[in-house]
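As structure tokens, the structure follows; a few thoughts come after it.
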2 protein chains.
Amino acid sequence: MIDIEKAREEIAEIARDIFAKFGFKKTTMEEIAKAVNKAKSSLYYYFQNKEEVFQAVIEREANVLREKLQKAISQENTPQGKLRAYIVTRMKALKQLANFYSALKDEYLENYKFIEKFRSKYDEEEKSAIIQILKEGIDNGIFEINNVEMTTQAILITLKGFELWVFQGNTKWTEKDVDNLLEILFYGIMKK
Amino acid sequence: MIDIEKAREEIAEIARDIFAKFGFKKTTMEEIAKAVNKAKSSLYYYFQNKEEVFQAVIEREANVLREKLQKAISQENTPQGKLRAYIVTRMKALKQLANFYSALKDEYLENYKFIEKFRSKYDEEEKSAIIQILKEGIDNGIFEINNVEMTTQAILITLKGFELWVFQGNTKWTEKDVDNLLEILFYGIMKK
DNA sequence: TTTTCGACTAAAAAAACAAAATAGTCGAAA
DNA sequence: TTTCGACTATTTTGTTTTTTTAGTCGAAAA
């Protein structure tokens with residue numbers, strides 16, 4: 001009752017490495033069970049099915065990222081700084097994750113839909129994080145945005161594009177790229 | 001000698017519909033041949049292999065798009081207008097194409113790499129088109145951009161994100177979305 | 001000379017089937 | 001409350017055979 005969550009945590013933690021190496025499909029419950037020193041059927045005491053184990057792994061990863069983002073944002077005191085910190089931190093973390101889950105990366109390119117199923121859950125979260133920053137900027141009289149919702153969407157879409165860019169391995173992005181992007185976002189390209 | 005191009009055109013034109021229906025993999029040379037009223041082996045007189053037929057189909061499609069873009073741009077006389085026309089036209093055309101090549105769309109999501117192989121050829125083209133617009137804007141003293149190359153990339157990345165958004169069918173974008181995006185691109189979100 | 005085609009081959013894909021692996025259930029025991 | 005072994009029902013894998021398909025070639029038609 002009190003330990004069930006702990007056990008779930010432990011399983012997820014260990015399963016993480018296996019999923020990372022073999023991807024979702026090629027990871028078996030047997031393997032996970034062995035690594036946790038349990039019988040396979042015991043896993044089903046903690047999780048309903050394989051997908052739920054995977055879900056738990058992702059959730060943990062999301063928590064780590066969430067904290068990183070929170071921390072990065074809180075260390076900045078201007079909305080611009082926060083936005084920059086958010087994007088840079090996010091990109092870096094995603095790169096790391098893509099690196100760690102090397103097998104999953106292949107599955108990503110091959111079976112885009114599958115991963116998206118899990119990701120979409122966090123889209124809302126991301127949205128509100130950015131909205132919050134934008135609103136703060138507006139309240140402080142720093143930003144001038146007539147449609148926060150749409151602007152947020154524009155930013156998210158751009159981040160998605162960035163992600164794809166990185167995932168394809170076409171280019172190695174730098175913070176400079178992000179700064180350039182932000183320069184446009186902040187000031188636009190029109191001559192003042 | 002003079003007709004060979006005409007024949008290629010005809011084959012590509014007819015193959016287009018078949019590829020659209022069945023995608024690349026499930027389209028057979030036999031089918032195409034039948035539709036063109038030729039023996040399968042005759043196709044190989046005009047094209048080296050199946051991929052070249054597909055290539056030709058894409059090339060035609062690209063030409064159509066190119067012309068549309070050219071026309072749309074030339075009808076505008078401000079750099080802002082041109083940029084807007086470019087993006088709107090591009091998005092509309094892509095949407096239409098995605099609709100027409102319904103089978104290909106599935107292949108796109110499943111086998112992203114394959115389609116990308118053909119697309120990447122046109123990335124350069126797209127890049128220079130946008131650079132040209134931006135430079136014109138700079139020359140006219142309308143835009144103020146310190147790194148055209150990077151700004152162009154930022155725009156392209158954003159368009160890629162937009163594309164993904166649309167392809168997934170998550171949202172039906174409107175011109176309003178584009179305008180909002182452009183509003184940011186032109187003026188940024190900072191208070192003046 | 002240019003274009004078409006039927007007959008052919010080699011490779012790939014599909015079908016059929018058996019064998020193995022795996023996700024998930026269940027009741028009983030620790 | 002937690003663990004597990006034995007079981008089942010699906011999937012996956014491996015193998016062999018058959019069919020389909022991409023691509024070649026030389027000969028005939030235009």
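Throughout, protein chains are lettered first and strands after them, A, B, ... in sequence-line order, and every chain is numbered starting at 1.
Atoms CD (B/Glu31) and C1' (D/dA22) sit 13 Å apart, rounded to a whole Å. Between the NZ atom of A/Lys50 and the C1' atom of D/dT12 there is a distance of 11 Å, given to the nearest Å. B/Glu30 has its CD atom 16 Å from the P atom of D/dT24, to the nearest Å. Rounded to whole Å, atom C1' of D/dA9 lies 16 Å from atom CG of A/Asn49. The interatomic distance linking A/Tyr45 (OH) with C/dA28 (P) rounds to 18 Å, in whole Å. A straight line from NZ of B/Lys38 to P of D/dA29 spans 17 Å, rounded to a whole angstrom. Atom pair B/Lys26:NZ and C/dA14:P shows a separation of 7 Å (rounding to whole Å applied). For A/Leu43 and D/dT3, the CG to P distance is 10 Å, given to the nearest whole Å.
Comparing atom distances between the A/Met29 side chain and each of C/dA23, C/dT4, D/dA22 picks out C/dA23 as nearest. Comparing D/dT2, D/dA22, C/dA7 by their closest approach to the side chain of B/Thr28 singles out D/dA22. The side chain of B/Ser41 sits closest to C/dG6 out of C/dG6, D/dG5, C/dT3.
One finds a side-chain N or O of B/Tyr44 lying less than 4.0 angstrom from the OP1 or OP2 phosphate oxygen of D/dG23. Phosphate proximity of C/dT4 to B/Tyr46: present, with a side-chain N or O under 4.0 Å from OP1 or OP2.
The partner of D/dT13 is C/dA18, judged by Watson-Crick or G-U wobble contacts that both fall below 3.5 Å. Of the nucleotides present, D/dT1 is the one that pairs with C/dA30 by Watson-Crick or G-U wobble criteria, both distances under 3.5 Å. In this entry D/dA22 has C/dT9 as its Watson-Crick or G-U wobble partner, both defining distances falling under 3.5 Å.
A parallel orientation is assigned to the rings of A/Phe186 and A/Phe143, their planes being inclined by less than 30° (bins at 30° and 60°).
When heavy atoms are screened at a 4.0 angstrom cut-off, A/Ser42 is found touching base atoms of the nucleic acid.
A donor and an acceptor atom sit less than 3.5 Å apart, one in the side chain of A/Lys40 and one in the base of C/dG24.
Atom CZ of residue A/Arg84 and atom CD of residue A/Glu76 lie 8.0 Å apart, to the nearest 0.5 angstrom.
Salt bridge B/Glu59/B/Lys121: present, at least one basic N to carboxylate O contact under 4.0 Å. Taking the charged nitrogens against the carboxylate oxygens, B/Arg8 and B/Glu5 do have a contact shorter than 4.0 Å, which makes a salt bridge.
Heavy-atom contacts from other residues, nucleotides or ligands closer than 6.0 Å to CD of A/Glu144 number more than 12.
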